[in-house]
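Keep in mind it's a predicted model, so treat the numbers as computed, not measured.
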Amino acid sequence: MTTLNLTLPNSIQRHLQEMADLEGVPIDQFIASAVAEKISALTAETYLQTRADRADPAAFQAILDQVPQRAPLTGDE
């Protein structure tokens, strides 16, 4: 485990304390969770972009071409 010293403006620290209190967790746990969420979001974006770069639009269109044409169900127009 690593210890970090973090300097925050007072207004952010107040909001941070309020949010941690609402979640019922200590500030350090709230911050760790928020950082983990951000890392997950950035990692997911990179992962999805890598997958998109490997996509084969022609193969995708070939699959879509196999879907029968029909009118949408009522309410789905």
Side-chain angles (χ1 to χ4, degrees):
M1 186 102 29
T2 301
T3 300
L4 299 173
N5 290 320
L6 180 64
T7 303
L8 295 172
N10 291 335
S11 60
I12 292 178
Q13 192 280 332
R14 281 193 304 275
H15 288 294
L16 176 60
Q17 184 66 60
E18 290 171 8
M19 295 295 103
D21 289 346
L22 284 172
E23 292 291 316
V25 297
I27 288 179
D28 58 339
Q29 185 178 343
F30 186 86
I31 291 171
S33 176
V35 170
E37 282 184 38
K38 182 64 174 183
I39 289 170
S40 177
L42 293 173
T43 302
E45 182 179 346
T46 301
Y47 170 76
L48 292 172
Q49 186 61 55
T50 300
R51 293 291 305 262
D53 292 343
R54 292 189 339 226
D56 181 353
F60 179 65
Q61 188 60 51
I63 291 168
L64 288 180
D65 290 342
Q66 296 175 24
V67 176
Q69 295 294 319
R70 62 178 108 187
L73 298 174
T74 303
D76 286 345
E77 303 83 12

Got a sec, which residues hit side chain to side chain contact (heavy atoms under 4.5 Å, CB included) with Gln61, two or more places apart in sequence or on another chain? Leu64, Asp65
Residue pairs involving residues 29-45 (criterion side chain to side chain donor-acceptor pair (under 3.5 Å); sequence neighbours excluded): none
Only distances under 3.5 Å count here; give the side-chain donor-acceptor pairs of residues 70-77 to other protein atoms, sequence neighbours excluded, each with its distance to 0.1 Å.
| unit_1 | atom_1 | unit_2 | atom_2 | d |
| --- | --- | --- | --- | --- |
| Glu77 | OE1 | Gly75 | N | 3.1 |
| Glu77 | OE2 | Gly75 | N | 3.1 |

Test of understanding: with side chain to side chain donor-acceptor pair (under 3.5 Å), list the residues that count as partners of Gln49, not counting sequence neighbours. Asp53
Excluding Leu48, membership of its hydrophobic cluster (Ile, Leu, Val, Met, Phe, Trp, Tyr; side-chain heavy atoms within less than 4.5 Å) reads Tyr47
I need the full list of side chain to side chain donor-acceptor pair (under 3.5 Å) pairs touching residues 8-25, with sequence neighbours left out, sorted by first then second residue. Gln17-Asp21
Through direct or indirect side-chain contacts below 4.5 angstrom among Ile, Leu, Val, Met, Phe, Trp and Tyr, which residues connect to Ile31? Leu6, Leu8, Ile12, Leu16, Met19, Leu22, Val25, Ile27, Phe30, Val35, Ile39
